[in-house]
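Every heavy atom of this structure was used, including side-chain atoms; hydrogens, water molecules and symmetry mates were not. In the text below, chain A, chain B and the rest are named by the order of the sequence lines, each starting its count at 1.
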Amino acid sequence: MAEPRSRPGERVLPVLLAVAAAVVVAEGWRLDGLASPSAAGAFPLLAGAVMAGATAAIALAPRRAADALPMLPARVAAVMALLVACAAAMPLIGFHLAAFAFLAVTIRLLAGRGTLRAMLIAALAVGAVHLVFRLAFTVLLPEGALWR
Amino acid sequence: MTPAHLLMSWTDPALFAATALGTLAGIWIGAVPGLSVTMAVSILVSFTFAWRLEPALALMAGVFTGGVYGGSRSAILINIPGGPAAIATALDGYPMAKRGEAGAAIGLTTLASFLGGLVGVVALALGAPAIAEVAILFAPRDYLLLGMLGLLLVGSLSGESLAKGLFAAGLGITLGLVGLDPMTAEPRFTYGSIELLGGIPYIAAMIGCFGAAEALAQLRLPEAETVRQRIGRIVPPRATLKRHLPLALRASGIGVVIGALPGTGGDIAALMAYDHARRSTRAPSHPFGSGAEEGVIAPEAANNAAVGGAYVPMLTLGIPGDAVTAVLIGALFVHGLKPGPMLMIETPHLFWFTVGNLLLANLALLVFGLAGARAFARIAEVPRAVLVPLILMLCVVGTFAIRNSLADVWWMLSFGIAGYGLRLYGFELGPIILGMILGPLMDASWRRTVIAAGDDVLAAAGEATGSTISVILIAALVVIIIRSFFRGRRPAALSP
């Protein structure tokens, strides 16, 4: 019987985890974690040791089979990129326009049809957020440097 | 205690409305696959941070109560649990619906949830004051042990393996320690960055982990095909209720105990209660897994009882009972309160308000659950293509609203994207958030303990063996470690 397919990057994972644990241990060491159990670095050193032990256990454990779904489907990667773009654009074009563009594009992309419907939902959602946050809770949403 | 505090949310129209609306929204949120109660409460913290404390707590308690129950709707109607606490309900709920008994399944889950919720609230009212009195006697080492207990429990019961749970907890503790050390003012994990001196905003981290990461993970799944179920008679016959009452009460007891253990929650309580029902029912209405009434009653009674149970360690010790109460602790901090034994002593009215409020939320659950059975059936049909972008937008605006800070939005996005990746490799995000909350408390408790013992770890350990509370906590830790070691890999039902 063929061995079940493991998750991509599963072999590299313990290396990354070990690096993370080493960073924590190093910080604990720098803060005199070994010199005194009540030093600022003592607890980070303990946390780092737990992480290192867990990493060893993960590395030695038999690998789990991956599920049939892709790890990072194109639509998830696209939505992540759109979300980051939306946050990056917010200081420049303001919350309302950035949120509208993000919602309209993402809904259209995920639904695969109905540009007008996506724009309508986006407009309604941004309107609702404006009502709730700006008017009811008086939260100052980013206006955008372009419009000042 | 005064009846005025207990009945506060019943007599004040604004609080009554907040509780009722919260419960209604909770059922709606819980019924939508992909929207979890933790996600909803995380986002709500930012919505309500400018409110007075009582309405904010009322709304969140309603969402918590309604959301745990609401997850059963989609589990029964489309075989997709609305949240992890409804996984066990789907096992028999969906076969009941396929048999044309969706109405009966909804009726039974509603009544079981109501009963479980009541048992949870009674346990909270009776148990919390007693625990708070004991909690005053807790030494710093006991808080350290409790923190370890919570992290170990949540680490061993969630995700793929204990090792991954422990790594996540260690990572969470580290993230919680970023910033200036409160004892020596030395910067830790800041690497020269001024922005990191104030620490990582954990509400942004919570919204990222429980909101954005969960929403992104939903996009990975294929869109489920919706089969509309016919909903017939909802209220079950009296004989059926009488027959199932003992099981519902036993399952509620399981829910309270599991819910009150630091770090565990409704999902584990529901699975344990389901297992109990399967073992203890000699003649189920149908075989388990093919539509047994007992198979929906036990998990639903347990997961709603766990709500009241989860409030016990939160209010008495300042330690979250589950992921939702971890978020609620964050909300209390935002409102300037510090959960723990002193909260019960200094603001007892808040405790009795919470008890009365949870009672009201359970009543609202019963009314909305039975009256809106048919209306809620449509909720599970909202397409992900619309839902997920809206959730992500709420995550952005909710995070921004807390401190009007775009930096917090970037933190939220970072935690959301990193959380998505960690979930793919079998890491549960609960231990990370729990570690962030408990890390500073455990660090301070550790250092106070060793300083009191003359900077000697062995002497501190020796002192611990002389305290009954510490010995009980150490014994609990040892039992959990041994059980986790022998259990090996846990069933896949709870993996992300």
Taking CE in B:M148 as the centre, count heavy atoms belonging to other residues, nucleotides or ligands within less than 6.0 Å. Is the count above 12? no

So for A:R117, is it side chain, backbone, both, or neither that comes closer than 4.5 Å to the heavy atoms of chain B? side chain

Report the option among A:G53, A:A40, A:A54 that has the most heavy-atom pairs separated by less than 4.5 Å from atoms of chain B. A:A40

Selection from A:A125, A:A111, A:A87 maximising heavy-atom pairs under 4.5 Å formed with chain B: A:A87

By a 4.5 Å heavy-atom criterion (distance strictly below it), what part of A:L13 contacts chain B: side chain, backbone, both, or neither? side chain

How many angstroms lie between CE in A:M51 and CG in B:L171, if you round to the nearest 0.5 Å? 5.0 Å

Go through the atoms of B:D181 and report whether side chain, backbone, both or neither lie under 4.5 Å from a heavy atom of chain A. side chain

Run the side chain to side chain contact (heavy atoms under 4.5 Å, CB included) check on A:M80 and B:L216 step by step: do they pass? CA-CA 8 Å; A:M80 281 180 184; B:L216 290 169; 4.0 Å; yes

If every non-hydrogen atom of A:A99 is compared with every non-hydrogen atom of B:M393, which pair is closest and at what distance? CB-SD, 3.5 Å

Side chain, backbone, both or neither: which part of B:L144 has a heavy atom under 4.5 Å from chain A? side chain

If one checks every heavy atom of A:A118 against chain B at 4.5 Å, the contacting part turns out to be neither

More than 12 foreign heavy atoms under 6.0 Å from CH2 of B:W410: is that the case here? yes

Which bit of A:L46 comes within less than 4.5 Å of chain B, counting heavy atoms only: side chain, backbone, both or neither? side chain

Counting only non-hydrogen atoms closer than 4.5 Å, does B:D443 touch chain A with its backbone (N, CA, C, O), its side chain (CB onward), both, or neither? both

Structural part of B:I173 lying under 4.5 Å from a heavy atom of chain A: side chain

Before you tell me yes or no, could you show the steps for A:E27 and B:T174 under side chain to side chain contact (heavy atoms under 4.5 Å, CB included), namely the whole-Å CA-CA distance, both residues' side-chain angles and the distance that decides it to 0.1 Å? CA-CA 10 Å; A:E27 184 71 350; B:T174 306; over 6 Å; no

Evaluate the criterion side chain to side chain contact (heavy atoms under 4.5 Å, CB included) for residue pair B:I391 and B:Q218; output intermediate values, then yes/no. CA-CA 11 Å; B:I391 295 167; B:Q218 286 299 316; over 6 Å; no

Greatest number of heavy atom pairs closer than 4.5 Å to chain B - which of A:A26, A:A88, A:A21: A:A88

Check each atom of A:I58 against the heavy atoms of chain B and say whether the ones under 4.5 Å are side chain, backbone, both or neither. both

From A:H96 NE2 over to A:M90 CE, what is the distance, rounded to the nearest 0.5 angstrom? 10.0 Å

Sort A:A20 into side chain, backbone, both or neither according to what part of it lies under 4.5 angstrom from a heavy atom of chain B. side chain

To the closest 0.5 Å, what do you measure between CE (B:M412) and OG (B:S405)? 11.5 Å

Examine whether an atom of A:V24 lies under 4.5 Å from a heavy atom of chain B, and if so say whether it belongs to the side chain, the backbone or both; otherwise answer neither. both

Looking at OH of B:Y420 and CG of A:L72, how far apart are the two atoms once the value is rounded to the nearest 0.5 Å? 5.0 Å

I need the B:L413 CG to B:L406 CG distance, nearest 0.5 Å. 10.0 Å

Top of B:V457, B:V409, B:D455 for chain A proximity - count of heavy-atom pairs under 4.5 angstrom: B:D455

Can you tell me how the ring of B:Y191 sits relative to the ring of B:F189, calling it parallel under 30°, perpendicular over 60° and tilted otherwise? perpendicular

A:V126 versus chain B, heavy atoms under 4.5 Å apart: side chain, backbone, both or neither? neither

Name the region of A:P70, side chain, backbone, both or neither, that has any atom closer than 4.5 Å to a heavy atom of chain B. backbone

Before you tell me yes or no, could you show the steps for A:V25 and A:L45 under side chain to side chain contact (heavy atoms under 4.5 Å, CB included), namely the whole-Å CA-CA distance, both residues' side-chain angles and the distance that decides it to 0.1 Å? CA-CA 5 Å; A:V25 169; A:L45 203 60; 3.8 Å; yes

A:L82 portion near chain B, given a 4.5 angstrom heavy-atom threshold: neither

Heaviest contributor of heavy-atom pairs below 4.5 Å to chain B, chosen from A:A47, A:P91, A:P44, is A:P44

Scored by heavy-atom pairs under 4.5 Å with chain A, the best of B:L392, B:I451, B:T184 is B:L392

Residue from B:M442, B:E186, B:R448 scoring the most non-hydrogen pairs under 4.5 Å with chain A is B:M442

What part of B:P440 gets within 4.5 angstrom of chain A, counting heavy atoms only: side chain, backbone, both, or neither? neither

Heavy-atom pair count under 4.5 Å with chain B, highest-scoring of A:C86, A:A39, A:G41, A:G48: A:A39

Given a strict heavy-atom distance threshold of 4.5 Å, which part of B:L177 is in contact with chain A: side chain, backbone, both, or neither? side chain

Can you tell me how far CZ of A:F100 sits from CG of A:L124, rounded to the nearest 0.5 angstrom? 10.0 Å

